[in-house]
Amino acid sequence: DAMVIQNPRYQVTQFGKPVTLSCSQTLNHNVMYWYQQKSSQAPKLLFHYYDKDFNNEADTPDNFQSRRPNTSFCFLDIRSPGLGDAAMYLCATSRDPPGETGSYEQYFGPGTRLTVT
Amino acid sequence: QQPVQSPQAVILREGEDAVINCSSSKALYSVHWYRQKHGEAPVFLMILLKGGEQKGHEKISASFNEKKQQSSLYLTASQLSYSGTYFCGTARTDKLIFGTGTRLQVFP
């Protein structure tokens with residue numbers, strides 16, 4: 001089945017120790033999104049790629065970086081995790097951006113729960 | 001800018017109905033609805049587009065009022081499996097902005 005896969009599902013890192021989360025998709029979608037979700041809150045968009053074009057949200061900390069080496073893979077790098085970065089990180093894909101028709105749904109991976117000690 | 005959902009939480013008995021509302025301060029191109037069960041990823045339910053077109057879940061209905069910049073999700077004859085947090089998402093050119101969320105609990 002076509003799907004969005006995230007690894008690892010659970011990640012424990014130390015304060016200040018760089019960590020990389022990965023996402024892969026077999027849907028051949030053009031757009032890949034990274035969201036941060038904290039308990040009882042809505043997913044918060046960090047950045048997204050439309051093909052190779054990178055789009056960073058204005059309030060995403062510089063501590064967060066992303067790479068998309070090819071259509072299938074996307075990585076989230078947290079350079080120096082702080083205690084406030086502990087959260088669920090969700091990767092999602094869509095065939096194309098919503099656009100003015102808004103007609104493309106997003107498919108989410110299972111998420112990576114990050115703990116910072 | 002984040003859409004506001006109401007109510008924040010709903011508790012139902014199996015078989016009861018519920019309405020979840022989503023209100024935006026900005027003009028809407030479309031509204032997406034997702035359900036997220038505890039500890040899981042959000043799952044797409046449906047999209048409502050300008051002009052009345054809908055795409056998505058067969059057993060869930062929704063409305064989209066472009067003028068009022070609102071959408072409502074109608075859950076009828078609720079089942080235990082409907083429990084979770086519901087998010088609306090309003091589409092911008094290149095992304096979705098998720099609403100504040102509504103937590104729904106269905107009990108036997």
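Predicted, not measured: the structure shown is a model, and the values here were computed from it.
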*For each of A/Q41, A/M88, A/E57, tally heavy-atom pairs with chain B at distances under 4.5 Å, and name the one with the top tally.*
A/E57
*Pick one of side chain, backbone, both or neither for A/P43, based on which atoms fall under 4.5 Å of a heavy atom in chain B.*
both
*asked:* At a 4.5 Å cut-off on heavy atoms, which part of B/L96 comes close to chain A: side chain, backbone, both, or neither?
replied: both
*Please test B/S71 against B/W33 for side-chain hydrogen bond (donor to acceptor under 3.5 Å, both in side chains), starting from the C-alpha separation and ending with a verdict.*
CA-CA 10 Å; B/S71 177; B/W33 285 96; 3.1 Å; yes
*Cys pair B/C88, B/C22: SG separation below 2.5 Å*: yes
*Do A/Y35 and A/F108 have ring centroids that are under 6.0 Å from one another?*
yes
_Tell me which of these, B/D94, B/T100, B/I97, has more heavy-atom pairs under 4.5 Å with chain A than the rest._
B/D94
*Flag the one option from B/M46, B/Q36, B/Q2 with the top tally of heavy-atom pairs under 4.5 Å to chain A.*
B/Q36
*Side chain, backbone, both or neither: which part of A/Q6 has a non-hydrogen atom closer than 4.5 Å to chain B?*
neither
*Quick one: are the ring centres of B/Y34 and B/F98 less than 6.0 Å apart?*
yes
*Hey, does the Lys NZ or Arg CZ of A/R67 hover above the aromatic six-ring of A/F75, less than 6.0 Å from the centre and inside 45° of the axis?*
yes
*Pick from B/G99, B/P42, B/G89, B/G101: which one has the most heavy-atom pairs with chain A under 4.5 Å?*
B/P42
*Side chains of B/S72 and B/Y74 in contact at under 4.5 Å (non-hydrogen atoms)*: yes
